[in-house]
Amino acid sequence: MAVYQFKRRRKSWRAARFAPHAAITAALAAFGFWWNVSETRADSTSGFACAAPTHHDGDAIRCGGSGRSMRLYGIDAPEMPGACRSGRQCTPGDPYASRDHLASLTAGRAVRCEQVDKDRYGRIVVRCAAGGVDLSCQMVRDGFAVERYGRLRC
C-alpha cells in the first residue's frame with residue numbers, strides 16, 4: 001500500500017499581503033453602507049452650527065446671512081409670489097406666514113444642521129434642529145409646509 005504525502009501549497013506572498021487589506025476594505029464598506037441607510041437626524045452632536053440663520057421662504061435656511069441658501073429636508077412650503085414656475089403645482093398657503101413661522105422657530109435658539117443630500121439645482125439639502133426641535137417636522141406639524149421630496153421620521 002502506497003502512502004501519499006500531500007504537499008501543502010504555500011500561499012503566494014501577494015495573496016498573503018492582500019488578505020488583511022481585503023478584510024479591512026470589506027469592513028469599511030459594510031460600515032459605510034450601514035451609515036448611509038441609518039436615519040439622518042440633526043442633533044447637537046453632529047453636523048454644523050448655523051449662526052444667525054435667515055430665511056427667504058418656509059423651506060430654506062441660510063447660515064450667517066451669506067453663502068448659498070440650503071433647502072430643508074423633506075418639506076415643501078408655499079412659494080413666494082412669482083417663484084412658482086408655470087406648469088408646476090406649488091404648495092398652497094401663505095408664503096409670508098410660512099417664512100415668518102420658520103424664522104420664529106429659529107429666533108434666539110442654537111441651530112444645528114446636517115447635510116443630507118444635494119437637490120437637482122445643486123443646493124445643499126439639510127436636516128436642521130433649533131433647540132432640539134427638528135425644523136422640517138415642526139413646519140409640517142404646524143401646517144406651514146407639506147411633506148415632500150423625502151420621508152420625514154418625526
Side-chain angles (χ1 to χ4, degrees), residues 14-15 17-154:
R14 286 184 183 160
R17 229 175 73 189
F18 176 72
H21 297 293
I24 290 170
T25 303
L28 287 173
F31 177 75
F33 176 76
W34 170 81
W35 185 264
N36 282 335
V37 297
S38 68
E39 185 177 341
T40 305
R41 290 187 183 267
D43 57 23
S44 60
T45 60
S46 63
F48 56 93
C50 181
T54 58
H55 311 283
H56 169 71
D57 59 16
D59 56 13
I61 188 168
R62 179 177 287 160
C63 298
S66 64
R68 193 158 186 212
S69 178
M70 298 177 287
R71 184 166 181 83
L72 290 176
Y73 173 78
I75 65 170
D76 193 19
E79 299 293 336
M80 288 296 180
C84 189
R85 293 180 314 276
S86 61
R88 181 174 176 236
Q89 186 172 353
C90 292
T91 304
D94 182 358
Y96 298 104
S98 180
R99 178 198 58 199
D100 294 345
H101 184 68
L102 180 57
S104 74
L105 291 174
T106 60
R109 293 182 179 87
V111 178
R112 292 200 60 83
C113 298
E114 185 172 9
Q115 182 174 345
V116 177
D117 200 2
K118 280 194 175 187
D119 67 9
R120 62 183 174 176
Y121 304 110
R123 270 193 313 182
I124 294 172
V125 178
V126 292
R127 192 98 194 228
C128 294
V133 176
D134 187 292
L135 295 177
S136 296
C137 292
Q138 195 63 45
M139 288 293 287
V140 171
R141 254 186 245 123
D142 295 343
F144 290 96
V146 294
E147 186 174 344
R148 192 175 290 165
Y149 310 119
R151 185 161 185 268
L152 290 176
R153 295 183 183 117
C154 301

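The SG atom of Cys128 lies 12.0 Å from the CE atom of Met139; values are rounded to the nearest 0.5 Å. Between atom CD of residue Gln115 and atom CE of residue Met70 there is a gap of 9.0 Å, rounded to the nearest 0.5 Å. Rounding to the nearest 0.5 Å places NZ of Lys118 at 12.5 Å from CZ of Arg123.
Residues Arg62 and Ser69 have side chains in contact (heavy-atom distance under 4.5 Å, counting atoms from C-beta outward). A heavy-atom distance below 4.5 Å is found between the side chains of Val126 and Phe48. Proximity of Pro95 to Asp57: side-chain heavy atoms (C-beta onward) are nowhere separated by under 4.5 Å. In this structure, the side chains of Thr91 and Asp59 stay at 4.5 Å or more apart for every pair of heavy atoms. Using a 4.5 Å heavy-atom cutoff, the side chains of Arg71 and Ser136 are not in contact.
Taking the ring pair (Phe, Tyr, Trp, His ring centres under 6.0 Å) definition, one finds that Tyr73 meets it with nothing, sequence neighbours left out.
At least 2.5 Å separates the SG atom of Cys50 from that of Cys113.
In terms of heavy-atom proximity, Val125 sits nearest to Asp119 at CG2-N, 3.7 Å. Taking all atoms of both residues into account, the shortest heavy-atom contact from Leu102 to Gly58 is CD2-O, 3.6 Å.
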Practice task
Start with the C-alpha distance between Leu105 and Val133, add both sets of side-chain angles, then the distance that settles side-chain contact (heavy atoms from CB on, under 4.5 Å), and finish with yes or no.
Solution key: CA-CA 9 Å; Leu105 291 174; Val133 176; 5.7 Å; no
Exercise for the section: Mind running side-chain contact (heavy atoms from CB on, under 4.5 Å) on Arg127 and Cys137 for me, showing each step along the way? Expected result: CA-CA 10 Å; Arg127 192 98 194 228; Cys137 292; 3.7 Å; yes
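Applying the salt bridge (Lys or Arg N to Asp or Glu O under 4.0 Å) rule to pairs touching residues 92-111 yields nothing, sequence neighbours excluded. Evaluation of the salt bridge (Lys or Arg N to Asp or Glu O under 4.0 Å) test over residues 135-150, restricted to residues two or more places apart or in two chains, returns Asp76-Arg148.
Under a 3.5 Å cut-off, the side chain of His55 and the backbone N or O of Ile61 do not form any donor-acceptor pair.
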